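Here the structure is laid out as structure tokens; the discussion comes afterwards.
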Amino acid sequence: SQTPLCQAHPKGAKTARLAPLIGLLLLVSAAPVWAQTFTFTAVITSGQEPPPNTNDSEAFGVALVTFNRGSGELCFSISYEESTLTSAETNAHFHAPAPPGENAPVVVPLPTPGSPKNGCVTPDLTEDQRRALFRGLWYVNIHTANNPGGEIRGQVIPQVAPIFHP
């Protein structure tokens with residue numbers, strides 16, 4: 001008898017469980033965008049945590065974010081493997097403005113603890129914070145007891161549909 005791939009390779013199990021969400025992210029990012037609603041994605045890993053928050057957590061996640069410029073509504077679907085965090089989640093936030101490798105203040109708190117995190121909020125964002133979102137200067141950060149500065153992080157990147165001119 002053959003051992004299923006998920007049992008033979010634990011990392012394969014993680015990838016297999018996240019494959020449908022990753023597929024959804026690819027599908028949504030390839031779809032045309034409505035005039036006022038824009039799509040963003042993030043891959044969330046420990047490797048994106050800058051010093052002094054560096055750690056070797058094996059946790060991995062993805063985020064799908066939409067922002068409606070007209071209403072200011074920010075919607076999110078964030079999933080990650082809770083069982084691979086080094087300790088219990090204590091907080092989760094969107095932070096801005098910061099490029100990869102730099103830290104920034106909290107812009108939007110997220111529901112904690114637990115994965116998935118799904119919801120919509122209408123935060124009171126400044127024009128600079130809105131611009132930072134569209135420039136890829138927001139990140140999502142999951143904080144834990146062992147890593148209070150952040151255990152896994154992902155830069156929130158705008159997904160732009162190609163524009164074709166006749």
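All residue numbers refer to positions in the sequence shown, counting from 1. Just the heavy atoms: all of them, side chains too, but no hydrogens, waters or symmetry mates, feed the values below. Fair warning: this is a prediction, and the values are worked out from it, not measured in the lab.
Annotation: the span from T144 atom OG1 to N91 atom CG amounts to 10.5 Å, rounded to 0.5 Å. With rounding to the nearest 0.5 angstrom, the CD1 atom of I142 is 13.0 Å from the OG atom of S46.
When every heavy atom of G101 is checked against every heavy atom of P50, the shortest pair comes out as O-CB, 3.2 Å. Counting all heavy atoms, side chain and backbone alike, P97 lies closest to A132 at CB-CB, 3.9 Å. Residues F40 and L133 approach most closely at CE2-O, 3.5 Å, considering heavy atoms. A pairwise comparison of heavy atoms in A96 and W138 identifies CB-CD1, 3.2 Å as the closest pair. Nearest heavy atom pair, residue P123 against residue G72, reads CD-O, 3.8 Å. For V140 against A42, the heavy-atom pair with the smallest separation is CG1-CB, 4.4 Å.
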Next item on the list: Apply side chain to side chain contact (heavy atoms under 4.5 Å, CB included) to F60 and V43, showing your working.
Entry: CA-CA 8 Å; F60 172 84; V43 174; 3.5 Å; yes
Note to self: Determine whether N103 and N53 satisfy the following criterion, side chain to side chain contact (heavy atoms under 4.5 Å, CB included), listing intermediate values before the conclusion.
What the structure shows: CA-CA 10 Å; N103 291 314; N53 304 325; 3.9 Å; yes
Next item on the list: Applying side chain to side chain contact (heavy atoms under 4.5 Å, CB included), run through V62 and T41 and close with a yes or a no.
Entry: CA-CA 7 Å; V62 292; T41 58; over 6 Å; no
Notebook entry, point to check: Could you go step by step and tell me if D128 and R130 meet the side chain to side chain contact (heavy atoms under 4.5 Å, CB included) rule?
Noted result: CA-CA 5 Å; D128 285 345; R130 287 176 178 228; over 6 Å; no
Item checked: Working for side-chain hydrogen bond (donor to acceptor under 3.5 Å, both in side chains), residues T122 and E73 -> CA-CA 4 Å; T122 307; E73 183 177 61; 4.8 Å; no
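Surrounding CZ of R135 are at most 12 heavy atoms belonging to other residues, nucleotides or ligands under 6.0 Å away.
In this structure, Q155 and Y139 have side chains that are in contact, with non-hydrogen atoms separated by less than 4.5 Å. Proximity of E49 to N141: side-chain heavy atoms (C-beta onward) are separated by under 4.5 Å at one or more points. Contact of the I44 side chain with the I152 side chain is registered, since non-hydrogen atoms from C-beta on lie closer than 4.5 Å.
Of the candidates T86, N55, T90, T86 is the only one forming a side-chain hydrogen bond (donor to acceptor under 3.5 Å, both in side chains) with E151.
Cluster annotation: L137 is not connected to F38 through the hydrophobic network of ILVMFWY side chains, with a link wherever side-chain heavy atoms come within less than 4.5 Å.
Between H95 and H143, the ring planes lie tilted relative to each other; the angle falls in the 30° to 60° range. By the 30° and 60° cut-offs, the orientation of the rings of F134 relative to F67 is perpendicular.
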Donor-acceptor pairs under 3.5 angstrom involving side-chain atoms of residues 106-119: please list them, not counting sequence neighbours.
residue, atom, partner, partner atom, Å
S115, OG, Y80, N, 2.9
S115, OG, Y80, O, 3.0
K117, NZ, E89, OE1, 3.3
K117, NZ, E89, OE2, 2.7
K117, NZ, P111, O, 2.7
K117, NZ, G114, O, 2.8
N118, OD1, S77, OG, 2.7

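Looking at T54, its side chain never comes within 3.5 Å of a backbone N or O of P51 through a donor-acceptor pair. No donor-acceptor distance shorter than 3.5 angstrom exists from the side chain of N147 to the backbone of G150, with no hydrogens or angles considered.
Residues E102 and R153 are not paired through a salt bridge, judged by the lack of any N-O separation under 4.0 Å between the basic side chain and the carboxylate.
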